[in-house]
Amino acid sequence: MKLFTMMKEIARNTVCGPVTRNYPAVKRAPFPGERGKLVMEEGKCIFCGICAKKCPSHALTVTRKPEQSWKFERFRCILCGSCVEACPKKCLHLVSRLEPEDKKD
């Protein structure tokens, strides 16, 4: 019986096309409700630290002194969007992962 099942599977796979995508040429559509990735516009940021205080997973660290810096731990982030909503200058954004990034020369 297993032989017939296996032959049926082989015939089906031979007749049908591949089940995978040709990735670089054919990209998949994003899943509904996908939040994407966090992007920051550093020129707008005033380094107030509100985003770091609102982050439930503590993925953001903002230091004001002696140098202003902003650190994001992407593996700790749960992409909830709390930091985006809390930012007073709206310099944080959640964008789709499949959007092309701006290349700076």
Going by heavy atoms in the side chains, are [X] and [Y] under 4.5 Å from each other?
X     : Y     : value
Thr5  : Glu9  : no
Ser82 : Cys55 : no
Glu41 : Lys90 : no

Quiz item: Mind checking who shares a hydrophobic cluster with Leu94, ILVMFWY linked at side-chain heavy-atom distances under 4.5 Å?
Solution: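 Cluster partners of Leu94: Leu38, Met40, Phe47, Leu60, Val62, Trp70, Phe72, Leu79, Val84, Leu92.
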Quiz item: Minimum heavy-atom separation for Cys77 to Ser57, with atom names?
Solution: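 Reported closest heavy-atom pair: CA-OG, 3.9 Å.
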Practice problem: Taking Arg21 for its side chain and Lys27 for its backbone only, find out whether a donor-acceptor pair lies under 3.5 Å. | Solution: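 No.
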Quiz item: Excluding sequence neighbours, so at least two apart, what forms salt bridge (Lys or Arg N to Asp or Glu O under 4.0 Å) with Glu85?
Solution: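 Scan of Glu85 (salt bridge (Lys or Arg N to Asp or Glu O under 4.0 Å), adjacent residues dropped) gives none.
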Self-check item: Single-linkage hydrophobic cluster, 4.5 Å side-chain cutoff, Leu3 and Ile10 together
Solution: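 Yes, because Leu3 and Ile10 connect within a single hydrophobic cluster, where side-chain heavy atoms sit under 4.5 Å apart.
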Practice problem: Mind checking side chain to side chain donor-acceptor pair (under 3.5 Å) for Ser69 and listing every partner two or more places apart, or none if nothing turns up? | Solution: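 In terms of side chain to side chain donor-acceptor pair (under 3.5 Å), with neighbours along the sequence ignored, Ser69 is linked to Thr63.
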Self-check item: Other residues, nucleotides, ligands: >12 heavy atoms within 6.0 Å of Lys53 NZ
Solution: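 12 or below, so no.
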Quiz item: How far does CD1 of Ile46 sit from CD of Gln68, to the nearest 0.5 angstrom?
Solution: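 Result: 9.5 Å between the selected atoms.
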Quiz item: What distance separates Arg64 CZ from Cys48 SG, expressed to the nearest 0.5 Å?
Solution: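 Rounded to the nearest 0.5 Å, the CZ-SG separation comes out at 7.0 Å.
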